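What follows is a single structure, written as structure tokens, with notes after it.
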Amino acid sequence: MGVTMKDVAALAGVGVGTVSRMINDVPVKASTRKKVEAAIKELNFEPDASARALKTKRSQTIALILPTIWHPFFSEFAYHVEESLSKHGYKLYLCNADGDPQKEYDYIQMVKQSKVDGIIGITYSDIDKFVSTNLPFVSIDRHFSEAVTYVTADNFGGGKLAAEELNKRGCQNLVYIGGINQYPNETTLRADGFEAYCKAHHIAFDSLKIPEPIADFATPIKAFFNQIKAFDGIFCVNDTMAIEVMTALRTLDKAVLRDYQLIGFDGNKMESSRDYMVSTIVQPKQEMAAAAVDLILKKVAGEQTKNRVILPVTFVSAGTTKDV
């Protein structure tokens, strides 16, 4: 039989109720806490997490909903969320929704069933009717009909920065390429910022916006570039799209740096020690994760939070843009 709270209480010279209160984060005298902590350490006592959750109505777990774990941005973001949660004594429940609204609905129900305390969500599915201001939920990029708190990078500023960096490197005929999701989200501002910069500086530009989900990247990309007269600078909505564009353009005998320069968005790497995959507008993923964790834990505690947190982006040249 394992060590029980009764054993801890006996060694510490206190009542079982005192041990229970301390384990469940109810304040006790400093001298009492010291004795109980010493007894827990000596006996190697591990509290029953399930029993604690029933008593406190808290599971000490936050769910993270991702559209897919196969995307570098989402997997790195999940890493930083887990790191940030662990500093607060919380565990991560990773939910790979794979674009299925029913899965996302089921995860939301877990909050109502007290299986998780709250949700951080990157979602592009039809779950608007299930998300309310009463739900401990923090969104990444996505807008909802109710005033749901969300964290985002400066997407509009990032789009402007991409156009500026291409123009700075001598590009005069710019192109934007990205997908369009039916649910409003901050990523559409990347195109808006890019186009706003081009208009303000009288730079020629074209745009290709492909409805999502995109099953075939190559066909619309090749058809688009066969139609436009000239291009020497391309900005893509994300790094994955940028790589798809490079692949498609090779079949048209167009080479990056020789014929055009290219900037993506996200700041993805295959590994933390490796270079960025393309020149890119880097989202501050670690800071975004920390902000989302801070907000969700405040919501779980019933505290007031900001409705919107916007974090700055930076440009990094990584082999698909020329030196200035």
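Treat the numbers as computed from the prediction; the structure is a model and nothing was measured.
- When the side chains of ILVMFWY residues are joined at heavy-atom separations under 4.5 Å, either directly or via intervening members, F77 and V316 end up in two distinct hydrophobic clusters.
- Remark: side-chain polar atoms of S279 are not paired, donor with acceptor, to backbone N or O of I263 under 3.5 angstrom.
- With sequence neighbours excluded, no residue forms a side-chain hydrogen bond (donor to acceptor under 3.5 Å, both in side chains) with K199.
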Apply salt bridge (Lys or Arg N to Asp or Glu O under 4.0 Å) to the pair E37 and K41, showing each step before the final yes or no. CA-CA 6 Å; E37 286 176 344; K41 185 176 181 180; over 6 Å; no
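- Judged by distance alone, the side chain of Q261 and the main-chain N or O of K322 form a donor-acceptor pair under 3.5 Å.
- Not a single donor-acceptor pair under 3.5 Å links the side chain of Q172 to the backbone N or O of I203.
- M277 and I221 fall within the same hydrophobic cluster, where Ile, Leu, Val, Met, Phe, Trp and Tyr residues are linked whenever their side-chain heavy atoms come under 4.5 Å apart, directly or through other members.
- A donor-acceptor pair under 3.5 Å is formed between the side chain of N226 and the backbone N or O of K222.
- Smallest separation of non-hydrogen atoms from P284 and L311: CG-CB, 3.8 Å.
- L94 approaches A78 most closely through the heavy-atom pair CD1-CB, 4.3 Å.
- When atom types are taken as modelled, the side chain of N173 and the backbone of D232 share no donor-acceptor pair closer than 3.5 angstrom.
- Proximity of L43 to L11: side-chain heavy atoms (C-beta onward) are separated by under 4.5 Å at one or more points.
- Between the side chain of S86 and the backbone N or O of E83, at least one donor-acceptor pair lies under 3.5 Å.
- In this structure a side-chain-to-backbone donor-acceptor pair under 3.5 Å is present from T247 to I243.
- Donor-acceptor pairing under 3.5 Å is recorded for the side chains of S207 and E195.
- Side-chain atoms of T149 come within 3.5 Å of backbone N or O of K306 as a donor-acceptor pair.
- Taking the six-membered ring where tryptophan is involved, the planes of H201 and Y197 are essentially parallel, since the angle between them stays under 30° and well short of 60°.
- Heavy-atom minimum distance, V245 versus I177: CG2-CD1, 3.7 Å.
- Inter-residue side-chain proximity for R169 and D323 is flagged as unmet; no heavy-atom pair is nearer than 4.5 Å.
- Counted within 6.0 Å of CZ on F224, heavy atoms from surrounding residues, nucleotides or ligands total more than 12; the atom is thus considered enclosed.
- Linking ILVMFWY residues whenever their side-chain heavy atoms come closer than 4.5 Å, directly or via other members, places L92 and V151 in the same cluster.
- In this structure, F194 and Y176 have tilted ring planes: the angle between them lies in the 30° to 60° band.
- In terms of modelled atom types and a separation under 3.5 Å, the side chain of D7 and the main chain of T4 share a donor-acceptor contact.
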Show your reasoning for whether salt bridge (Lys or Arg N to Asp or Glu O under 4.0 Å) applies to K160 and E164. CA-CA 6 Å; K160 289 178 62 178; E164 179 184 357; over 6 Å; no
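- With 3.5 Å as the limit, one finds a donor-acceptor pair spanning the side chains of Y150 and E186.
- Atom NZ of K285 has more than 12 heavy atoms from other residues, nucleotides or ligands within 6.0 Å.
- The minimum heavy-atom distance between V237 and R190, with the atom names listed, is O-NH1, 2.6 Å.
- K6 and V16 make their closest contact through CA-CG2, 3.9 Å (heavy atoms, listed as atom of the first residue, atom of the second, distance).
- Inter-residue side-chain proximity for L249 and I234 is flagged as met; some heavy-atom pair is nearer than 4.5 Å.
- Residue F315 places its CZ atom among more than 12 non-hydrogen atoms of other residues, nucleotides or ligands, all under 6.0 Å distant.
- With ring centers used as reference points, F225 lies under 6.0 Å from F231.
- Taking NZ of K209 as the reference point, atom CG of N181 lies at 14.0 Å (rounded to 0.5 Å).
- Contact of the V282 side chain with the D266 side chain is not registered, since no non-hydrogen atoms from C-beta on lie closer than 4.5 Å.
- Counting only heavy atoms from C-beta outward, the side chains of L85 and K91 never approach each other to under 4.5 Å.
- Of the residues D141, N185, L66, T68, the one that meets the side chain to side chain contact (heavy atoms under 4.5 Å, CB included) test with I122 is L66.
- Heavy-atom minimum distance, V313 versus F265: CG1-CZ, 4.3 Å.
- Considering only heavy atoms from C-beta on, D117 comes within 4.5 Å of I62 through its side chain.
- In this structure, N268 contributes its side chain and D239 its backbone to no donor-acceptor pair below 3.5 Å.
- Inter-residue side-chain proximity for I140 and T152 is flagged as unmet; no heavy-atom pair is nearer than 4.5 Å.
- Y79 is not listed as a side-chain neighbour of Q286, based on a closest heavy-atom distance of 4.5 Å or more.
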